[in-house]
Amino acid sequence: MSSTILLSSDNSPLRALTLSRLQLDQDAPVCTIATQGEELCVYILIGAVEMQKHSTEGDSESYGLFGGRRRVLDAGPGMHVLRFPPGRPVTFDVHLCDFSADILLASVPGPAIDVIPATPLGLLVHHDIWAHQVGEGTHKREVREVPTPPGYSISCGETLQQPGMISSWPPHANTEDLAKFQMSVTTWEETFFVVAPEPGIAVLDGYYSDLTRVHEIIALENGHAYPMPLGSHRCHAAPDSYLYYAWFYCGNALQKQYRKYADDVGVYRK
């Protein structure tokens, strides 16, 4: 099957960021993905796949076997994120090597960047995803962060909340951040893809990437994707259900900074 576009400038207040979903199973175990030179982030939620450089002559070159975890609840060796840099159109095939696979594709247009490819095929693969605790008390959660290499625009990772807990708190942007964004001095786009047995809620207060003002409460439904505003988007898990979301963002309105050192008391983001 082909990938399904979840969020783009055509159906949401996004300007550049596009989020798609690729689902493979035994009835449809292969899919071909083609880019026009945009930066592409391939985020494997579950399942194992082999990725091959597409060839119509049957002599495809393999990028390798990736993924392997069966639940988004689990972190560890089965988590893989792959990146294709902008400026290089690519066509590749994704072959299922498991019962099923679920993959997110995030992309943004961008100029070519001078990067040294991690493989002869020009693909950068992240094996260095690391999980850590963020927040305390009611807003304690596990964040799995993927490094953003120099020259790449898309930052990504995932957050896992236990039942009844809160995340994306404290608010990310302050008054100065929002003022610069409203004057188009800075940019910001962000999306979430949610997995949750029972719906959570998000309390939104800020501005979308197209400068649309938002101040509302929305449901976070299982299998749905949402644009998130610059400002505050406090997420609440249902009392009887975990809340997981994979997140993707780009822009320079914020500098994410997690607590690292002994004197980073109460620091979440600056």
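All residue numbers refer to positions in the sequence shown, counting from 1.
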Determine whether a donor-acceptor pair (N or O, by modelled atom type, separation under 3.5 Å) exists between the side chain of [X] and the backbone of [Y].
X      : Y      : answer
Glu176 : Leu178 : no
Thr212 : Tyr208 : no
His139 : Glu136 : yes
Asp102 : Ile46  : no
Arg83  : Ile154 : yes
Gln161 : Met165 : yes
Thr35  : Val90  : yes
Glu142 : Leu73  : no
Glu189 : Leu17  : yes
Arg69  : Asp74  : yes

Is there a path of hydrophobic side-chain contacts, each under 4.5 Å between heavy atoms of I/L/V/M/F/W/Y residues, joining [Y] to [X]?
X      : Y      : result
Leu6   : Met228 : no
Val214 : Leu254 : yes
Leu220 : Val203 : no
Val72  : Leu160 : yes

His224 vs Phe192, ring-ring contact (aromatic ring centres under 6.0 Å, His included): CA-CA, chis, key distance, verdict: CA-CA 8 Å; His224 288 241; Phe192 285 2; over 10 Å; no
Distance only, no hydrogens: is a donor on one side chain within 3.5 Å (strictly under) of an acceptor on the other, for [X] and [Y]?
X      : Y      : result
Arg234 : His236 : yes
Thr191 : Trp247 : no
Ser62  : Glu50  : yes

salt_bridge(Lys53, Glu61) N-O dist < 4.0 Å: no
How about [X] and [Y]: are their ring centres within less than 6.0 Å of each other?
X     : Y      : value
Tyr43 : Phe248 : yes
His80 : His127 : yes
Tyr63 : Phe84  : yes

Given the rule in the side-chain hydrogen bond (donor to acceptor under 3.5 Å, both in side chains) test, do Tyr245 and Ser167 qualify, once you have shown the distances and angles that lead to the verdict? CA-CA 10 Å; Tyr245 53 90; Ser167 72; 2.6 Å; yes
Which heavy atom in [X] sits nearest to a heavy atom in [Y], and how many Å separate them?
X      : Y      : result
Arg70  : Phe99  : NH2-CD2, 4.2 Å
Asp177 : His172 : OD2-O, 4.2 Å
Leu14  : Ser209 : CA-OG, 3.2 Å
Pro163 : Asp240 : CB-C, 4.2 Å
Glu221 : Pro199 : OE1-CG, 3.4 Å
Gly157 : Val146 : CA-CG2, 4.2 Å

Parallel, tilted or perpendicular: which describes the rings of Trp188 and Tyr249, with under 30° parallel and over 60° perpendicular? parallel
Could you walk me through whether Val195 and Leu45 pass the side-chain contact (heavy atoms from CB on, under 4.5 Å) test, one step at a time? CA-CA 10 Å; Val195 177; Leu45 293 171; 5.6 Å; no
What verdict does the side-chain contact (heavy atoms from CB on, under 4.5 Å) test give for Glu158 and Met79, after you've listed the backbone C-alpha separation in whole Å, the side-chain angles of each residue and the deciding distance to 0.1 Å? CA-CA 11 Å; Glu158 56 189 43; Met79 287 186 63; 3.5 Å; yes
Heavy atoms of other groups near Gln36 CD, more than 12 under 6.0 Å: no
Which other residues end up in the same hydrophobic cluster as Leu65, if Ile, Leu, Val, Met, Phe, Trp and Tyr are linked when side-chain heavy atoms come under 4.5 Å apart? none
Which residue in the set Leu40, Ile5, Thr4, Leu104 passes side chain to side chain contact (heavy atoms under 4.5 Å, CB included) when paired with Ser20? Ile5
Six-ring centre of Phe193, Arg21 cation under 6.0 angstrom, axis tolerance 45°: no
Pair Asp93, Thr32 - check side-chain hydrogen bond (donor to acceptor under 3.5 Å, both in side chains), show working. CA-CA 4 Å; Asp93 298 326; Thr32 299; 2.6 Å; yes
